[in-house]
Amino acid sequence: MDWFMILKAFIVGGIICVIGQVLIDKTKLTPARILVAFVTTGAILGGLGIYKKLIDFAGCGATVPLTGFGNLLSKGAIESLKKDGILGALMGGVKSAAAGISAAVFFGYIASLVSKPKIKKQ
Amino acid sequence: MFFIKPIESNEDYQKYVDEKTPNSPIWKDCFNAFWVGGLICAIGQVIFEICKMRGVGETNCYAIVSIMLIFFSAFLTSLNIFNKIGKFAGAGSLIPITGFANSIVSPAMEYKSEGYVMGVGAKMFTVAGPVLVYGISSSIIVGLIYLIFNMQYISLV
Amino acid sequence: MKKVGKQSYIMQNPVAIVNTACIVGPKEKEGPMHTYFDQCVEDEFWGEKTWEKAESKFIKESINLAVSKSGIAMQDIDFCFAGDLLNQCISSSFGLRESNVPFFGVFGACSTFVESMILGSMTIDGDFATNVLCAASSHFCSAEKQFRFPLELGNQRPPSSQWTVTGAGASVLSKNGNGPFVTAITPGKIVDKEIKDANNMGAAMAPAALDTLITHFIDTGRKPSYYDAIFTGDLGYIGKDILTDLSMSKGYNIKGNYNDCGVLMFDKEKQDTHSGGSGCGCVASIFSGFIYKNLIEKKYNKVLVIATGALMNSTSSQQGESIPGIAHAISIENK
């Protein structure tokens, strides 16, 4: 196992989260807005080819944060565009992120079947 | 008795309120966000390394990491634990894909009382919907801009 | 009823608060006020399927309890004024649908309880009724669901945010009774200082509380020292601080005898409720519990209660509107 890579993932992932935390505390943006900002930033950085370098460096430290999700969408759009032209730009994004979206929807549905929300005791 | 100047204008009142309102403990928040967020990414990397050792292709490894983290997040949300982690870690659990999953699972659970179609089905994306809208739209725009700079790929089919 | 000054009224006929009742949830039970509540429920669902149903049950049970404690039969109640925070006041109307009492739904955000007490006192003083029931409720979970985020969402609450109280309070007002009596009222007007932060309700409502407080003093000619205690509805720690400062700047020192129901409700450090409690149920349960019992035991003989409300909803807040505040004052005295 590549321990150095795991350490790099820890540090880079942590730093990306700290950027989000500063935004939360300083700008009072709602969680939905923070997530939107991150996914859009990721898509743009992905399109510019910058985000790929970060993934090469930190692996999951770059793919797990939502910026990685945005990167995945735009990377998929560009790759399938190379194959199918304009049609590819519409097909590729969601296709590449399909696993994440489907898993979240499916697990969300299952969770709603089996579980009930509870009050925060603290 | 000390004297306070009466505050008349709305701007003065806003300024006064900003002074009165305590700020979030940003250093503590950032520290917690750093190590929890880092830990989630590191767990992802461990899953990645294990998959890779078993000979799974790199793209699929990343997909498996996402699915597993989403599963953990959904599981912890349904056990009523994720909100406690989120309260402690803030962006540390929000920014990783776990936060995206939590934002889908939590309204699904919350709106179950309004039925499975208009409750769970319709409200599931109250928080995560904008993420998909802006993520997908920006990826298409990025693709189209890429096309402008790389005209050789232009073809309709 | 006699109008004094700009917007205050002195009661001409006695309006007695015959009895009160309050029922709260599990978190409120852990707070410092738990000994004053009639009943603390262990489960926020209270055996119901949804939080909305649970909230209806809170208001229904506290009304039944208040009426039975007062010794007045339910059919002798002439009117009921009640309200809550949910859209179209469903917890009050659903909670009261089996009561067979003429019903007025009231909305004044967190000021609802005192608003309904004022309306009740007016109908009794004006000889329209003999016995009137006033109630209000709120529920943390149903309020979070309607105004903020799903309960299981892992978000952080800013330090200025307040915690909606799970609970309901009810009081029975009557022409006949030994008191304590409602002696004066000052209905408030809407005050908007253009605060937009929905996580800082105390700051949005404090100017309204100030306006009503000062108007009450000027209209009635009373001074802060006239009262044994002055309570605001739920300004929380920040709002309480602001109101103390602002009234000082207008020349009224309320530091000595002023407190806030939102501050009293929870233990800030232990219960992590940030700026304190809020919601219709906050002033309703603190009044029906702590304040009323102290009045009965004559620990307080003259009390001014100013309930504050933030008159906004999630749509207005998303559309970038500011938060208008309102505050209603009611003066209660032992004779």
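Order of the sequence lines fixes the chain letters, A, B, ..., with proteins taken first and strands second; residue numbering starts at 1 for each chain. The structure presented is a predicted model; accordingly, all values stated were derived computationally and were not measured.
- For chain A, the option among Gly121(B), Ser106(B), Ser66(B), Cys41(B) with the highest count of heavy-atom pairs below 4.5 Å is Cys41(B).
- By the neighbour-count criterion of 12 heavy atoms within 6.0 Å, atom OH of Tyr13(B) is densely surrounded, having more than that number from other residues, nucleotides or ligands.
- Residue with the most contacts toward chain B among Val36(A), Ile11(A), Ile16(A): Val36(A) (heavy-atom pairs, distance under 4.5 Å).
- Interatomic distance, Asp2(A) CG to Glu49(B) CD, rounded to the nearest 0.5 Å: 5.0 Å.
- Looking at Phe71(B), the atoms closer than 4.5 Å to chain A (heavy atoms on both sides) sit in the backbone and in the side chain alike.
- Only the backbone of Ala58(A) comes within contact range of chain B, with heavy atoms under 4.5 Å apart.
- Heavy-atom contacts from other residues, nucleotides or ligands closer than 6.0 Å to CZ of Phe88(B) number more than 12.
- Scanning all heavy atoms of the two residues, the minimum distance from Ile70(B) to Ala103(A) falls at CG2-C, 3.9 Å.
- Ring-centre distance between Phe10(A) and Phe34(B): below the 6.0 Å cut-off.
- When all heavy atoms are compared, the tightest approach of Ala89(A) to Leu144(B) is CB-CD2, 4.3 Å.
- Both the backbone and the side chain of Ile136(B) come within less than 4.5 Å of a heavy atom of chain A.
- Ala89(B) touches chain A through its backbone: at least one of N, CA, C or O sits under 4.5 Å from a heavy atom, while the side chain does not.
- At a 4.5 Å heavy-atom cutoff, the contact between Thr40(A) and chain B is made by backbone and side-chain atoms alike.
- One distance of note links CZ of Phe107(A) with OG of Ser78(B); it measures 11.0 Å at 0.5 Å rounding.
- Looking at Leu113(A), the atoms closer than 4.5 Å to chain B (heavy atoms on both sides) sit in the backbone and in the side chain alike.
- For the set Ile104(B), Val127(B), Leu94(B), the entry with the most heavy-atom pairs within less than 4.5 Å of chain A is Leu94(B).
- For Phe125(B), the part sitting under 4.5 Å from any heavy atom of chain A is the side chain, from C-beta outward, and nothing else.
- Listed options Gly37(B), Pro96(B), Gly44(B), Gly129(B) were ranked by heavy-atom pairs under 4.5 angstrom with chain A; first place goes to Pro96(B).
- The choice from Ser102(A), Cys60(A), Ser74(A) that makes the most heavy-atom pairs within less than 4.5 Å of chain B is Cys60(A).
- Using a 4.5 Å cut-off between heavy atoms, Val12(A) does not touch chain B at all.
- Atoms OG1 and CG, on Thr59(B) and Leu72(A) in that order, are 9.0 Å from each other to the nearest 0.5 Å.
- To the nearest 0.5 Å, atoms OG (Ser96(A)) and OH (Tyr62(B)) are separated by 14.0 Å.
- The minimum heavy-atom distance between Ala91(B) and Gly20(A), with the atom names listed, is CB-C, 3.6 Å.
- Here the OG atom belonging to Ser112(A) is positioned 6.5 Å from the NZ atom belonging to Lys112(B), to the nearest 0.5 angstrom.
- The contact between Asp29(B) and chain A is made by backbone and side chain atoms together, counting heavy-atom distances below 4.5 Å.
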Candidate pair Val18(A) and Trp35(B), rule side chain to side chain contact (heavy atoms under 4.5 Å, CB included), full reasoning: CA-CA 9 Å; Val18(A) 167; Trp35(B) 78 260; over 6 Å; no
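- Between Ala111(A) and Val105(B), the shortest heavy-atom distance links the atoms CB-CG1, 3.5 Å.
- Heavy-atom pairs under 4.5 Å with chain A were tallied for Met109(B), Lys52(B), Gln45(B); the largest tally goes to Gln45(B).
- Panel note: side chain Asp25(A), backbone Cys30(B); no donor-acceptor pair is recorded below 3.5 Å.
- Side chain of Gln21(A) to backbone of Ala33(B): no donor-acceptor contact under 3.5 angstrom is found.
- Counting heavy-atom pairs under 4.5 Å between each of Gly93(A), Gly70(A), Gly100(A), Gly59(A) and chain B puts Gly59(A) at the top.
- Of the listed residues Cys61(B), Pro25(B), Gly92(B), the one with more heavy-atom pairs under 4.5 angstrom with chain A than any other is Gly92(B).
- Chosen from Ala9(A), Cys17(A), Gly92(A), the residue pairing most often with chain B at heavy-atom distances under 4.5 Å is Cys17(A).
- Residue Ile64(B): no heavy atom, backbone or side chain, is found under 4.5 Å from chain A.
- Between Tyr109(A) and Met124(B) the shortest side-chain heavy-atom distance falls below 4.5 Å.
- Contacts of Val120(B) with chain A are made by side-chain atoms alone, with heavy-atom separations under 4.5 Å and no backbone atom involved.
- Both the backbone and the side chain of Lys82(A) come within less than 4.5 Å of a heavy atom in chain B.
- For Val65(B), the part sitting under 4.5 Å from any heavy atom of chain A is the side chain, from C-beta outward, and nothing else.
- If you tally non-hydrogen atom pairs under 4.5 Å between each of Ile78(A), Ile110(A), Ile55(A) and chain B, the highest count goes to Ile78(A).
- Residues Ser103(B) and Leu35(A) approach most closely at OG-CD1, 4.3 Å, considering heavy atoms.
- In this structure, CD on Glu79(A) lies 9.5 Å from OH on Tyr146(B), to the nearest 0.5 angstrom.
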